[in-house]
Amino acid sequence: MTLVELPLDIERRVLELAVLAFPTDISTFSVVCQYFQAWVESLIYRKIVLDYPESKATLLLRTVCSRPNVLEQNVKHLYVTHIVDYEDAHRIISVCKNAETIVAWSPLLPLASGMSTILSQSGLTRLSIQLSTFHGSSIPDLTNPVFARLTHLEIVHPPGYGGGVDWDQLHSLTNLQHLTMGKLQAERHAHLIPIFDSLLQTHDSLRALVIICSDEKLVGDLPEDKRVLIIPSFHYPLSPSEFWDSVRQGDSDFWSLTEKMVQQRKK
């Protein structure tokens with residue numbers, strides 16, 4: 001029997017389809033040859049979700065220590081939830097220098113300087129983070145160059161009663177297409193409503209404004225616009241574990257899911 005030698009791009013595509021069809025055999029594919037191993041690693045590490053079980057985060061931290069170049073080269077989408085402590089999250093994110101999507105929900109440690117200095121990935125366009133985790137103890141500054149590059153921004157648990165933030169600075173984010181804030185409460189976040197109104201009127205590029213809120217009083221005051229989507233939780237309509245499992249398996253993440261919901265509203 002004559003073996004057919006395929007062009008490398010076709011061979012790689014065949015491998016990708018095989019891995020998708022037989023994910024439990026991924027370790028077998030990786031030992032076929034050296035360049036197969038590199039291809040498989042690019043698939044394994046392209047999207048990383050660090051949520052329960054905690055053992056997955058522990059395994060990744062070992063990779064950070066032993067083979068940081070693998071993460072630097074391959075990670076494009078990184079989701080670090082609150083189960084990962086701040087120091088470990090800082091180490092992981094600092095290594096993933098080519099990430100395009102970063103979710104960083106680890107709570108800030110007292111006296112920590114924040115993550116603004118490590119979120120300098122030139123390709124970063126989607127970020128979900130608390131302002132305190134980003135800036136540390138400094139006054140939040142939404143004109144930071146990291147924010148200026150973003151097309152998708154989620155501000156998690158925005159400070160209540162203003163919190164020293166100049167929210168008008170959101171107008172400077174001319175690349176912004178999707179803004180999410182949550183979880184909001186009428187008593188703490190009513191001051192944001194005029195900001196939302198203004199953004200919808202002046203930002204033609206803004207395709208989606210997603211508000212995570214279950215406070216009926218605030219919901220009733222939010223702008224009526226087809227680009228505005230109000231949901232009760234980031235994982236709606238799934239449970240948290242179902243949501244993260246679907247992201248791991250290659251399904252849409254929060255931004256893609258909510259943008260589909262907004263598109264349905266526009267019809």
Look only at the side chain of H171 and the backbone of H203, and say whether a donor-acceptor pair between them is shorter than 3.5 Å.
-> no

Quick one: are C96 and I102 in side-chain contact, heavy atoms under 4.5 Å?
-> no

When the ring planes of W244 and W105 are compared, do they come out parallel, tilted or perpendicular, using 30° and 60° as the limits?
-> perpendicular

So, does N175 use its side chain to make a donor-acceptor pair with the main chain of A148 at under 3.5 Å?
-> yes

Do the non-hydrogen side-chain atoms of S252 and K260 ever get within less than 4.5 Å of each other?
-> yes

So, S116 and H135: side-chain donor and acceptor under 3.5 Å apart, yes or no?
-> no

Would you say L229 and L209 make side-chain contact, with heavy atoms under 4.5 Å?
-> no

Measure from the side-chain N and O atoms of H90 to the backbone N and O of Y86, and report whether any donor-acceptor pair falls under 3.5 Å.
-> no

Thinking salt bridges, do R126 and E100 make one under a 4.0 Å N-O criterion?
-> no

If the plane angle is over 60° it's perpendicular, under 30° parallel, otherwise tilted; pick one for H152 and W255.
-> perpendicular

Quick check: does any side chain N or O of T133 sit under 3.5 Å from a backbone N or O of I129, one acting as donor and the other as acceptor?
-> no

Aromatic contact, F243 with F234 (centres under 6.0 Å) = yes

Any side-chain donor-acceptor pair under 3.5 Å between S239 and E242?
-> yes

Pair I93-L78, side chain to side chain contact (heavy atoms under 4.5 Å, CB included): steps then yes or no = CA-CA 8 Å; I93 292 170; L78 178 63; 3.8 Å; yes

Do side-chain atoms of N74 reach the backbone of R46 as a donor and acceptor pair under 3.5 angstrom?
-> no

Counting distance only, does the side-chain N/O of R91 pair as donor-acceptor with the main-chain N or O of V64 below 3.5 Å?
-> no

N/O donor-acceptor pair under 3.5 Å between R265 side chain and D225 backbone = yes

